[in-house]
Amino acid sequence: MNIIWFRRDLRLADNQALASAVSAGECLPIYILDEAEETEISGAGKWWLHQSLDQLNKALDGTMHFFKSSAASIIPQVANEINAKAVYWNNCYEPSFVKRDKEIEEILQKSGVNCQRFEGAHLWKPGAIVKGDGTPYKIFGPYLKASIASGPPPEPLSPPHKLQLKKVTLSGEVHLNDLNLLPKIKWFGGMAARWEPGEAAAKKLLNDFVANRLSHYSKERNYPARDILSRLSPYLHYGELSPATLWHAVQSSRSTTADKGKFLSELTWRDFAYSLLYHFPETVTQSYNVRLQKLRWQYNKALLEKWQKGQTGFPIVDAGMRQMWQTGYMHNRVRMITASFLVKNLLMDWRIGAEWFMDCLVDADLAVNTMNWQWVAGTGLDAAPFFRVFNPVLQSKKYDPDGTYIKTYVPELAGLPKSALHEPWKAKATVLKAAGISLGKDYPLPCIDLQTSVKEALKAFEETKF
DNA sequence: TGAAATGTTGGGGCG
DNA sequence: ACGCCCCAACATTTC
């Protein structure tokens with residue numbers, strides 16, 4: 001008997017470890033909520049993970065064995081208990097996984113248990129796409145080029161025809177509910193209303209995206225009110241959908257080369273993020289740009305809370321922060337706007353923002369989140385320059401021109417005409433009155449002055465020169 | 001996958 | 001016909 005260890009690959013289709021384990025005969029599926037890893041999973045992500053594990057367990061006829069402990073002790077223990085010949089798993093490239101998995105592999109090898117490791121979380125695993133001299137790419141453009149030159153990822157595998165799964169009672173195993181992934185306070189209503197975790201739902205959403213939305217992708221992807229993005233990121237994170245499956249579905253679709261290329265380049269950004277995390281793991285906690293490590297960030301609890309709660313007084317920022325809080329998701333364009341606002345207007349450390357996003361997003365992913373925050377902050381690899389500051393009003397007018405997105409998440413402004421929606425503090429008293437809005441009461445006044453705050457940020461930036 | 005300031009160009013109105 | 005100004009449109013520079 002063999003062990004199939006599920007991790008960030010909560011699917012049956014295109015799962016190399018599962019396919020190999022099944023073809024080797026009877027196997028026993030396990031999932032471990034590693035205590036060390038648990039602290040890194042977002043609040044929203046825990047809700048997602050619970051649903052996803054529930055779905056997977058059902059697809060496995062309820063044979064999944066759950067543990068809440070350290071994987072380094074559980075894996076060898078279970079292997080010993082059932083006298084396993086081998087343990088199968090798919091690799092994951094977060095630094096904590098890499099280190100831990102290596103230790104487990106060594107322990108297993110010492111006790112004569114075979115270790116079968118596979119790929120499947122990326123188009124190209126971190127380390128595979130490197131420059132001619134073996135050093136990692138630091139710029140996305142050349143990375144993308146090299147990735148394309150490496151050819152298409154392998155064709156996805158079908159789900160196994162017949163599972164020979166074993167359910168036994170193992171010492172120390174718990175019920176899914178005992179992983180305590182669901183919060184005691186039921187704040188996840190907004191997420192449950194918008195999301196359906198699990199492999200089957202991922203497949204449905206993928207088909208819908210390719211059939212109905214991909215053909216608008218390159219033109220409309222920046223407009224948060226349009227429902228054009230794939231929304232597949234959480235499924236990719238937990239492995240309910242493999243990147244290779246997504247890649248081939250997009251590539252073989254009837255959309256234009258422009259739309260396919262744009263989308264696949266975005267998908268490649270995900271690989272690039274993992275490549276950066278793999279080669280520069282210290283960037284999770286440190287600005288990559290050494291000069292900017294000296295930047296004097298400000299910390300203001302009251303302002304931070306306004307940002308977190310979507311009460312800054314800037315409608316597009318508030319809409320984004322509330323969308324995330326309510327649904328566990330935020331449109332990509334608005335992620336950039338809200339992040340830029342925290343870093344460049346409130347001059348707060350990007351790590352504070354990164355942490356908040358990690359806790360609120362159902363698609364929270366250490367590699368992607370770290371890269372994107374460092375990009376916005378201008379501290380990272382291949383990042384925007386620090387002085388590239390998004391003006392939330394201009395961005396709002398440009399990407400949410402009729403205010404549909406704002407009105408959805410900031411309903412108290414719904415009565416305003418679109419000419420006043422993007423900067424209500426400039427609206428005439430009569431307009432505000434007609435909309436039944438008293439600024440500072442029904443909706444906050446701007447928490448900072450845009451021009452002054454940008455000047456402050458640039459001043460702090462200048463100071464890092466010395 | 002900025003924004004604002006500054007510079008350049010060219011068409012058109014006008015004396 | 002010509003120079004002059006205005007200004008929109010676009011390009012370049014700077015933060």
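In what follows, every chain begins at residue 1, and chains take the letters A, B, ... in the order their sequences are listed.
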*Asks:* Between A:Y31 and A:N57, is any pair of side-chain heavy atoms under 4.5 Å apart?
*Replies:*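 Not touching, per the 4.5 Å side-chain cut-off.
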*Asks:* Rounded to whole Å, please give me the gap between NZ in A:K455 and P in B:dA3.
*Replies:*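 Rounded to the whole Å, the gap is 17 Å.
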*Asks:* Given ring pair (Phe, Tyr, Trp, His ring centres under 6.0 Å), test A:Y88 with A:W5 step by step and report yes or no.
*Replies:* CA-CA 6 Å; A:Y88 290 73; A:W5 179 19; over 10 Å; no
*Asks:* Rounded to whole angstroms, how far apart are CD1 on A:I337 and P on B:dT1?
*Replies:*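 Those two atoms, CD1 and P, are 14 Å apart.
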*Asks:* Using a distance-only test with no angle check, is there a side-chain donor-acceptor pair under 3.5 angstrom linking A:E199 and A:Y235?
*Replies:*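 Short answer, no.
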*Asks:* Just checking A:Q395: base, sugar-phosphate only, or nothing, at a heavy-atom cut-off of under 4.0 Å?
*Replies:*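 Sugar-phosphate: the residue A:Q395, judged by heavy atoms under 4.0 Å, touches backbone atoms but no base.
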*Asks:* Write down the distance between CG (A:L458) and C1' (B:dA5), rounded to a whole number of angstrom.
*Replies:*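 Distance, rounded to whole Å: 14 Å.
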*Asks:* How long is the line joining CZ of A:F341 and C1' of B:dT1, in whole Å?
*Replies:*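 Rounded to the whole Å, the gap is 20 Å.
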*Asks:* Ignoring backbone atoms, establish whether A:N391 has a side-chain N or O less than 4.0 Å from OP1 or OP2 of B:dA4.
*Replies:*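 It does, given that an N or O in the side chain of A:N391 lies less than 4.0 Å from OP1 or OP2 of B:dA4.
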*Asks:* Rounded to the nearest Å, what distance is computed from the CD atom of residue A:E266 to the C1' atom of nucleotide B:dT1?
*Replies:*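 Whole-Å distance recorded here is 8 Å.
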*Asks:* Is there a side-chain polar atom (N or O) of A:R388 under 4.0 Å from OP1 or OP2 of B:dA4?
*Replies:*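 Checking A:R388 against B:dA4: no side-chain N or O falls below 4.0 Å of OP1 or OP2.
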*Asks:* Nearest whole Å is fine: how far is B:dG2 P from A:F461 CZ?
*Replies:*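 Distance, rounded to whole Å: 16 Å.
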*Asks:* Distance check needed: B:dA3 P versus A:M336 CE, whole Å only.
*Replies:*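 One finds 11 Å between P of B:dA3 and CE of A:M336, rounded.
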*Asks:* Could you check how far CZ of A:R335 sits from C1' of B:dT1, rounded to whole Å?
*Replies:*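 Checked: the CZ to C1' distance equals 14 Å.
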*Asks:* For a quick check under 3.5 Å, do A:S287 and A:Q293 share a side-chain donor-acceptor pair by atom type?
*Replies:*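 No.
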